[in-house]
Structures are given as structure tokens and as C-alpha cells.
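One structure below.
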Amino acid sequence: KPTTFQASTCFPPPRSTPSAAGARRLAVAVRAVAGGVRSAAAMRARFLPLLARQWQHRASGSSGARRGCCGRHQCGETRRGLAAAAAAARWWHVGRRGFVASVEAGAKGEMESTMKEIRGGGAPCVLDMDDAATVGGGVEDTYGEDRATEEQLVTPWTVSVASGYNLLRDPRYNKGLAFTEKERETHYLRGLLPPAVTSQELQERKIMHNIRQYQLPLQRYMAMMDLQEGNERLFYKLLIDNVEELLPIVYTPTVGEACQKYGSIFSRPQGLYISLKEKGKILEVLKNWPERSIQVIVVTDGERILGLGDLGCQGMGIPVGKLSLYTALGGVRPSACLPITLDVGTNNEELLNDEFYIGLRQRRVTGQEYADFLHEFMAAVKQNYGEKVLIQFEDFANHNAFDLLARYGTTHLVFNDDIQGTASVVLAGLVAALKLVGGTLAEHTYLFLGAGEAGTGIAELIALEMSRQTKTPIDECRKKIWLVDSKGLIVSTRKESLQHFKKPWAHEHEHVGNLLDAVNAIKPTVLIGTSGKGQTFTQEVVEAISSFNEMPIILALSNPTSQAECTAEQAYTWSKGRAVFATGSPFDPVEYNGKTHVPGQANNAYIFPGFGLGVVMSGAIRVHDDMLLAASEALAQQVTQENFDKGLIYPPFSNIRKISAHIAANVAARAYELGLASRRPRPKDLVKYAESCMYSPIYRNYR
Ligand SMILES: NC(=O)c1ccc[n+]([C@@H]2O[C@H](COP(=O)([O-])OP(=O)(O)OC[C@H]3O[C@@H](n4cnc5c(N)ncnc54)[C@H](O)[C@@H]3O)[C@@H](O)[C@H]2O)c1
């Protein structure tokens, strides 16, 4: 008969070797149901005898014997119950004082039956969430965004975290001077803060005031990053409430400069760095990340950061920035977001010789070695986080990006923002622009400068939508779209030497060597710049397209600002105020002939946060092109008459959360129609549901 127990052998988590962490997780679950226990030792003391009795019962009882139980092994039933309880409680150690336990209400039934079983079939125990929360003198959070349902929009859950000094150092729970007197008393904060108690609104005003004092955008960026690492909720509140002002700081264009100087400004890691050194151990590396329920990963290999080229490991600024937008604009919980940089070397000589460079000092690996590394990564992600984690490829060079999307599109939930997100946002802008200019998509002629990820991705989605609208084969629709790359117009005589993703665009035409000649030859109604090269829409080009269009649609999409094909002022001046114009990076409004023209920002940030939310909330297992079309439709519908009157083809960013909820709902609806959504039952009102799933940055009250 077992009389003493090692915690580590008592509670093996399912399908893995017994571990102390597994034991602790279960211990917390049990504490949640038993209640009133104030330390891990006391909990063990209380729980282990219960389990011992249960085991004795199993070992001696005939039912146990029939199931092949003995004193050393739990029967399947008990093990399943324990596993359920272990799964129901997630446990982190957070410093000297204690635990963070997140107990999901949905697991209540399982835990009750587990406890009943543990107590040898005695009286059902009462599940007392409050007890769980107050154990260890920690902080409690009674409002959560986790797992909301349509009926119950916010699932109550409780959390206990470190208190005292550790609490102030934990960005997820720190509130700075906004801790109330009572919270300071209860959570051992007396003396650790100055006496003043301020509101979150006042803190927000103060930080905005400070940020505006900085002259250089990079200083503002660093101030924002410091805030994110010190007080996460305040960071997101600031970003949500001042989105138009702060978006250019945490995202393009400033994030580009931040990546270029990432080595010098690096203070703390904000995501996972997986380098070639970790080859063969990527799964282990993923397990080092403290959060378990990841919903969105943004990953880059740093080879084509914005229009700035190969920045190697310093590309990390991009996944970090994109994921802050997932939270701020799309409402995905910060703890569910994981930024990753895959360091496969860099070919950037400047960085290789920079003493502050933070990455591997070697040239990029390519070919089979690169493919194997990526494959190990993709397999490890699926193994660690399951089928429903959205993996967003970001700023990969086009020679890898298309292949990765094609290779993993059928086995993983993958999305390439440069190809698909850009396409969706630009299509939305075009659909909206047609209300100003007139005609249908199929009645226009499109000319692109730049035939890479963005250019061919946009072209393909326009052709797909045209084909859906006109019910003509997509090959026919592609003929309305022309692309120019660095060697001139893409035409059939070049087909042999073209990269595979350019081939569908090689139409019959004589050779044309440059953009101006192509504009004159093709006579496009829509001109789109995606070459990453600045100042390529010259005065001659803009004047040419304006000469045969009453209202030419001109989109200068290359980022950052320095790479824009032309400025807003140039576009409006050279077209004599007639262009319908939008850019990738933001430009100020321009006054021309007494009229103010506001350039729209054709930025992926409109689409990917809402798109990701839609995917996550519907439990979609694959991304389908129709879901991108659904996102475009939803965005285009958000442009109001008031916006059109200013020449805008995108709604203002200030409404982005509402816009994201609509995009998410449309994407989710399409996922359900396509049979790709796994969350059942389907919520009836998807917009309301999307809004209810969104993370809110308002401070929680701690009891
Ligand atoms: N606005 C947005 O939301 C958004 C989204 C994605 C990409 N972009 C921007 O678009 C640009 C291109 O991105 P990408 O992912 O397609 O890059 P990419 O490297 O895949 O493609 C660039 C293409 O431009 C061509 N090119 C280069 N120089 C040229 C020149 N002088 N004349 C004609 N063609 C030339 C190349 O041959 C290539 O086909 C970048 O600046 C990026 O920041 C903007």
C-alpha cells in the first residue's frame, strides 16, 4: 500500500512524462475546488492524503482490480479526471509569493467530478472561485476576455498573481499610480509607490504629453516600447485612444527605422528568437515562451523588412509591432500573441560588421537547409499550439514567401500579410474608389509598378473578385491587369525567364522598357506602385495617366514614407487635383486650388487585425481566398459618404475597432459557409460576438 507520495509521480499530465510542473498545475486545480489553502505545502498536505485514500480504495476495491488498477498506477478513469483538472488550471510561478491560476469556468463540471472521485465518492464539493483567487495574498482579476460566449459575453475568471514589488514589475498587471488605497494595502504595495493615486485617464494624458515632447519619431517609438514593457494595459489604452497619432510610431514608418537600429536600441526581448543554433530543438524553444494559449504568431526571417531590405534578426520590430496592432486594432489578447524572428543569417554587410548587431554573424542559409529549418519550425508550432494557431508570415523575401504559402497553406492555418493582407486592403480601396470614379472592377484597366509579393498578390485578388462578379474565367480577368518590373512591362516574350509568380501576368504585347512608356501604351485607369522604390511615379507618369482619365486612381503603396512612389502633394498637383490617391505610409492632407484633399492610407493594418480576429473567433483551420474577399467587402462597406466627400477611399483609423469587428464577422461568416470554422455552435450575431471577444485595456479591480 502506498503510504507516501511524490507529487511528481502522482499527477502525470496526459501523454507526457510526470513533471513537477504537471503536479503543480493539478495542485492549483485542486486548491481551486478545495479552497482556503494558503500555501503550496499546505495544499499538498491537504490533497495528498485524499489522493492516497482514493488510491487505496482503487487498489483494494474490486472495481479497481477489474480495471487492472494497483497502488502504483491510477486507473484510466481517475487519470482522465486528473488530466481534465490539470488541463483546467494553468499555472505559472511568479516570484516569491505565489501563483497565477486561471481557472476556466467551463471546466467546473469536470473539476467537481474529479474532486468527487478523489474524495472517494463522498459529497460533491463546492467550487469556490473566490477562494482560488485570494490564496497567496495575490491579485485577483475577475473580468476576463477569455472564452466569451454569445450568451455570456465576458467569462468570469479569477487570477491570482504576485503582489508587492513583483506586482509592480509585472507589465500585465501593473497599474502604476492607479493602484487604489485598498489595493495598495491588500497587495503589499505600501511604500513602494508615492502617495498620489491617479486614474488611468490621467496617466494616459501624462504619457501622451511626454511622448509629444520628443522631437524624433524613434524616441517616441522607444518611449512606447518602454511603456509596453512596464504597463501593458496603459500601452494598449494609449494606442487605441490615439490610434491615428501613434500608428506611425509603433508601425510603418517609424518601425522601419527602429528595425534598422534595433541592435542599438535593444533592451529586452519582446518575442522569440529562433536561430540556426536552435536547429533540432525548435519545439523546446517554443516551450520556453511563458504563455501557452497562443492564437496568433507573426513570424519573419527579416529578409525584406518593409522596403528596407535584409535586416536579419533585427526584423523583430515588425512582428512585435504587428502583434501590438492585432491587440489594439483587432482585440486579440496580448497574451495570445507571439512574435517570432527566425534568424537564418543575413546578407547585409553593414549589419554583419556592426558591433551592436544582435543576430547570427553569418550569411543567410538557402536551399534545402533553409527549407528544413522552416519545416521544423512549422511542425513544432503545430505540435505545440495545435491546428488553430494563425501563423502570419511577415516580410519574407518573395523568393521564399510564395513557396511557403503554397507549401503550408494546405496543412497549417497560414496567412501572408504582404501577399494576401495587402491584396485585401487594396481591393477594398478600389471597390470604394469605384463609387467615386464609376464603372465596375472589370471595366477598369490596371497597371502595377512592381511585380513582387504585394503587386502580384493584389493583382490576383482583383482578378478573382472580377471573375466572381462577371462569372468569367480568372484567366480572362487577368488580361485587364498589367505589371511592370525592373525589366519593363511583363509580356509573353519574357515568359521563359520570369519567376513563377509573374508568369500568369505575361500577356501578349511588344516589349516596353519603362513605366512611362507602359502608361502610354496600356492607358490604365488605375496605377498601383508596389516596387519598394521611391519617386518612381514621376511628373510625366502622373500627367500621362491624368491626360486620359478624368479621375485617375493612383496608389503609391511602397513603404516607408521615403520609398513612396510619389508624395500626396505631387499626386494632387500633377493631376491638377483630380487623382483619387492613397498611400502605404501616412501623408498629411494637401490643399490644392482651395480644396483640401485627404490621402487615404492603403495600409494592411486595416485588414489583418480584423481578419485574424475573424479566423480566431470562428476557430477556422485554414485560410481561403474567399475569406480575403469577405474582409475586403466589409472594409469597403465602412467608407461613408462623408469620407468620399473628402476624396477618401478608406474610413478613418479612429474607427478601427468597429471596422475590425465588421471585418472579423464577415470573415468568420465566410469561414462557416466554407465549412472551415470549428467553433460550434455558430454565434447568431457575429458582429456582436466579435466585439465581445475583443480585449479591453481598461484596468481591472484587484480585491
Ligand atoms: N501599403 C501596404 O500596406 C503595403 C503592403 C505590402 C507591401 N508594401 C510595400 O510594397 C513594396 C514592395 O513590397 P513587396 O513585398 O511586393 O516586395 P517584393 O520585393 O516582393 O517586390 C518588389 C517588386 O518590385 C520590382 N522592382 C524593384 N525595383 C523596381 C524598379 N525600379 N522598377 C520597377 N520594378 C521594380 C521587383 O522586380 C519586384 O518585382 C515595399 O515597399 C512594401 O513596403 C506596402
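Counting starts at 1 for both ligands and their atoms, following the listed order.
Between atom 21 (O) of ligand 1 and the options G452, G529, A564, the minimum heavy-atom separation is to G452. Between R304, E303, E453, it is R304 that holds the heavy atom closest to atom 13 (O) of ligand 1. Nearest to atom 31 (N) of ligand 1 by heavy-atom distance, out of K533, Q563, H399, is K533.
Considering both main-chain and side-chain atoms, S486 comes within under 3.5 Å of ligand 1 through a nitrogen or oxygen pair. The N/O atoms of L449, backbone and side chain alike, include none that comes under 3.5 Å of an N/O atom in ligand 1. Polar contact check, N398 against ligand 1: a nitrogen or oxygen pair lies under 3.5 Å apart. For ligand 1, the polar-atom distance check against T422 finds no nitrogen or oxygen pair separated by under 3.5 Å. For the pair A451 and ligand 1, the shortest N or O to N or O distance falls below 3.5 Å. Of the N or O atoms in G584, none lie within a sub-3.5 Å distance of an N or O in ligand 1.
Contact atoms of ligand 1 toward N604: 2 (C), 3 (O), 4 (C), 5 (C) (distance under 4.0 Å to a heavy atom of the residue). Of all atoms in ligand 1, listed by their number and element, those nearer than 4.0 Å to a heavy atom of S558 are 9 (C), 10 (O), 11 (C), 41 (O). Listed by number with element, the atoms of ligand 1 under 4.0 Å from a non-hydrogen atom of A602 are 1 (N), 2 (C), 3 (O). Ligand 1 places these atoms under 4.0 Å from at least one heavy atom of K502: 37 (O), 39 (O). Residue-ligand proximity, N603 to ligand 1, at heavy-atom distances under 4.0 Å covers atoms 3 (O). Ligand 1 places these atoms under 4.0 Å from at least one heavy atom of G532: 11 (C), 12 (C), 40 (C), 41 (O). Shown in contact with G307 at under 4.0 Å from a heavy atom are these atoms of ligand 1, numbered in order with element: 41 (O), 43 (O). Atoms of ligand 1 found under 4.0 Å from any heavy atom of L306, numbered from 1 in the order shown, are 43 (O).
Residues H444 and L434 have side chains in contact (heavy-atom distance under 4.5 Å, counting atoms from C-beta outward). Y357 places a side-chain heavy atom less than 4.5 Å from the side chain of T346. For the pair L238 and M224, the minimum side-chain heavy-atom distance is below 4.5 Å. Using a 4.5 Å cut-off on side-chain heavy atoms (C-beta onward), L635 and P651 make contact. Between H597 and P589 the shortest side-chain heavy-atom distance does not fall below 4.5 Å.
A side-chain hydrogen bond (donor to acceptor under 3.5 Å, both in side chains) with S492 holds for exactly one of H509, K503, E508; it is E508.
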Item to check | Worked check of ring pair (Phe, Tyr, Trp, His ring centres under 6.0 Å) between Y592 and Y572 | outcome: CA-CA 7 Å; Y592 182 83; Y572 293 119; 8.2 Å; no
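A salt bridge links D485 to R494: one of the charged nitrogens lies within less than 4.0 Å of a carboxylate oxygen. With salt bridges taken as basic N to acidic carboxylate O contacts below 4.0 Å, one links R304 and D395. Between R670 and E633 there is a salt bridge, with a side-chain nitrogen of the basic residue lying less than 4.0 Å from a carboxylate oxygen of the acidic one. Under 4.0 Å is where a charged nitrogen must lie from a carboxylate oxygen, and between E565 and K533 no such pair does.
For atom 11 (C) of ligand 1, the nearest protein heavy atom is under 4.0 Å away.
When the shell of 6.0 Å around NE2 of H399 is examined, it contains more than 12 heavy atoms from other residues, nucleotides or ligands. Applying the 6.0 Å contact sphere to CD of Q219 captures more than 12 heavy atoms from other residues, nucleotides or ligands.
A ring-centre distance under 6.0 Å is not found for F393 and F415.
With hydrogens left out, the protein atom closest to atom 25 (C) of ligand 1 is G450 CA, 3.9 Å, a heavy atom. Nearest protein neighbour of atom 44 (C) of ligand 1, counting heavy atoms only, is L557 O, 3.1 Å. At the top of the distance list for atom 16 (O) of ligand 1, counting protein heavy atoms only, stands A454 N, 2.8 Å. Regarding atom 27 (C) of ligand 1, its nearest protein heavy-atom neighbour is S531 O, 3.6 Å. Summary of contacts: the protein heavy atom closest to atom 42 (C) of ligand 1 is N559 N, 4.0 Å.
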